[in-house]
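The basis for the numbers below is simple: all heavy atoms, side chains too, and nothing from hydrogens, waters or symmetry mates.
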Amino acid sequence: FGTAPLREKKVAPSSLAACAAMLKAAAKLDPSEPRYPRLLVENCLAERDVDGAIVALKMYRTLAPNDLGAQVQLIQLNLDKMETADAKMVYVNQILAADSVKPDVRSAVAVVGANLLAERGQQDESDKMIDNAIRLNSLNNDALWIRYSHGLAGMSDYQKVQALIAMIKANSLQQGVMAELAERLSDFGLVKPSLDWYFNAIKLYQKSGQSVPLNLAVDYAAEQYLAERYEGADGLAIRLLQSDPNFVDALYIRLLCAKNTPFPEDDLRMRNLGRKTLLARLNTAKDAALGVPATQPAAAGRRWRPALAL
């Protein structure tokens, strides 16, 4: 019953207070059950009661001392209460120097320290902190991504791919990293592996309930064209145009696919469609430059119109 108010669409402050009271009562009646203080933490955070969340987390950690995620969360809440960056760095360094703290926890804290140093413009020190985070936990995905994004300019192609593969090994549910790997492989001309990773990334987006980014979908279609899978590339381009009829990249892929069809009329039809779409976008840009709202009639003056079929 204690969490029932939280299942409402709009949670009132009084409901959160009632929920907290019932969870505290449940924890008092059964002090050996870790679920109650864990739920109380979330309730306190919903109420923006940081002090209450810290107390509940400490209670939870006495019952579940091996929950490293809870320990990291407790450290983060303590950091959030500190007002100055200097105080936060002192706290971070204290944790990093404590051998009693698990390496995985210290690795997560090192990433926090690296971000603090980067905000202060101490990039070299931040990079060293990231190296320390990876040394403590080679599967720390946040640290791996920061190292990858900061070190792109100095990395060889092989190192870039190795870094992306390491991130996927650390956490296989990263569609963005998979898409990045597919793009890198495509740049190297490795069409088949690139297609596999594009497919994995798109499937993961779909399974997670997220919409597939248009640039990822069109890159996948382009890679299918390079692999001479013209039907697949054309079919994906058609679906992209259904969501945005003026998506020129998708039209270009359809045009390229049409040039590889044995039916000349398809090629001619796609050329004319592409021309009309480009002209429509030019006219839209002209209206926008003249300050004409989309709901008003077209601006007076010269309009671009198709003259001859390509």
Side-chain angles (χ1 to χ4, degrees), residues 13 16-17 20 23-24 27 34 36-155 163-164 166-167 169-171 173-174 176-177 180:
L16 288 172
L23 286 170
K24 288 176 182 177
Y36 301 136
R38 178 78 260 192
L39 290 170
L40 184 57
V41 171
E42 304 307 320
N43 187 89
C44 290
L45 291 176
E47 289 187 288
R48 298 181 182 178
D49 179 9
V50 177
D51 291 332
I54 290 174
V55 171
L57 257 179
K58 289 179 178 178
M59 187 189 311
Y60 170 75
R61 290 208 63 240
T62 60
L63 300 172
N66 294 325
D67 189 337
L68 302 184
Q71 187 175 3
V72 172
Q73 186 180 20
L74 179 58
I75 292 168
Q76 187 62 63
L77 289 176
N78 286 327
L79 284 167
D80 291 342
K81 289 190 64 180
M82 298 176 184
E83 296 182 357
T84 66
D86 287 339
K88 292 179 180 180
M89 279 307 305
V90 169
Y91 182 54
V92 165
N93 288 325
Q94 286 175 348
I95 295 170
L96 293 177
D99 292 335
S100 58
V101 179
K102 296 286 187 182
D104 288 359
V105 175
R106 282 187 285 153
S107 178
V109 173
V111 172
V112 175
N115 290 330
L116 288 170
L117 290 167
E119 289 171 3
R120 297 164 66 172
Q122 298 174 256
Q123 193 57 56
D124 290 342
E125 295 300 317
S126 176
D127 291 342
K128 290 178 183 176
M129 192 72 81
I130 289 297
D131 290 341
N132 188 30
I134 296 173
R135 180 182 61 80
L136 290 165
N137 177 12
S138 60
L139 299 181
N140 185 329
N141 200 66
D142 292 334
L144 290 168
W145 177 256
I146 291 173
R147 175 189 272 180
Y148 173 77
S149 57
H150 287 181
L152 275 177
M155 284 184 179
L164 290 167
M167 280 185 269
K169 285 182 178 178
N171 179 5
L173 301 178
Q174 297 185 92
V177 177
E180 179 84 4

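You'll find the side chain of Asp86 stays beyond 4.5 Å of the side chain of Met89, heavy atoms only. You'll find the side chain of Leu45 reaches within 4.5 Å of the side chain of Gln73, heavy atoms only. Using a 4.5 Å heavy-atom threshold, the side chains of Lys128 and Asn132 count as separate. A 4.5 Å side-chain heavy-atom check between Ile54 and Leu74 finds at least one atom pair inside the cut-off. Annotation: side chain of Val55 is not in contact with side chain of Leu40 (no heavy-atom distance under 4.5 Å). Within the 4.5 Å cutoff, side-chain heavy atoms of Met129 are placed close to those of Asn93.
Heavy-atom minimum distance, Ile134 versus Ala143: CG1-CB, 3.7 Å. Residues Ala27 and Met59 come closest through the heavy atom pair CB-SD, 4.4 Å. Residues Gln123 and Ala118 approach most closely at OE1-CB, 4.1 Å, considering heavy atoms. The minimum heavy-atom distance linking Leu63 with Pro37 is given by the pair CD1-CG, 4.1 Å. Summarising the geometry of Tyr60 relative to Pro34, their closest heavy-atom pair is CD1-O, 3.3 Å, with the distance given to 0.1 Å. The two residues Arg38 and Ala70 come nearest to each other via the heavy atoms NH1-CB, 3.9 Å.
The distance from atom CG of Asn140 to atom CD1 of Ile130, rounded to the nearest 0.5 Å, is 7.5 Å. Rounded to the nearest 0.5 angstrom, Glu42 CD and Leu23 CG are separated by 11.0 Å. Rounding to the nearest 0.5 Å gives a distance of 6.5 Å between CG of Leu144 and CE of Met167. Between atom CG of residue Leu39 and atom NZ of residue Lys24 there is a gap of 14.0 Å, rounded to the nearest 0.5 Å. Note: Arg120 CZ to Leu116 CG = 7.5 Å, rounded to the nearest 0.5 Å. Taking OG of Ser107 as the reference point, atom CG of Leu68 lies at 11.5 Å (rounded to 0.5 Å).
With 3.5 Å as the limit, one finds no donor-acceptor pair spanning the side chains of Asp67 and Gln71. Defined by atom type and a distance below 3.5 Å, a donor-acceptor pair is missing between the side-chain atoms of Asn115 and Glu119.
By the side chain to side chain donor-acceptor pair (under 3.5 Å) test, Lys81 pairs with Asp51, sequence neighbours left out. The side chain to side chain donor-acceptor pair (under 3.5 Å) test applied to Asn78 returns Tyr91, not counting sequence neighbours.
Under a 3.5 Å cut-off, the side chain of Gln174 and the backbone N or O of Asn171 do form a donor-acceptor pair. Between the side chain of Arg106 and the main chain of Val101, a donor-acceptor pair closer than 3.5 Å is present.
Ser126 pairs with exactly one of Leu117, Val111, Ile146 by the side-chain contact (heavy atoms from CB on, under 4.5 Å) rule, that one being Leu117.
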side-chain contact (heavy atoms from CB on, under 4.5 Å) assessment of Asp104 paired with Val72:
CA-CA 9 Å; Asp104 288 359; Val72 172; over 6 Å; no
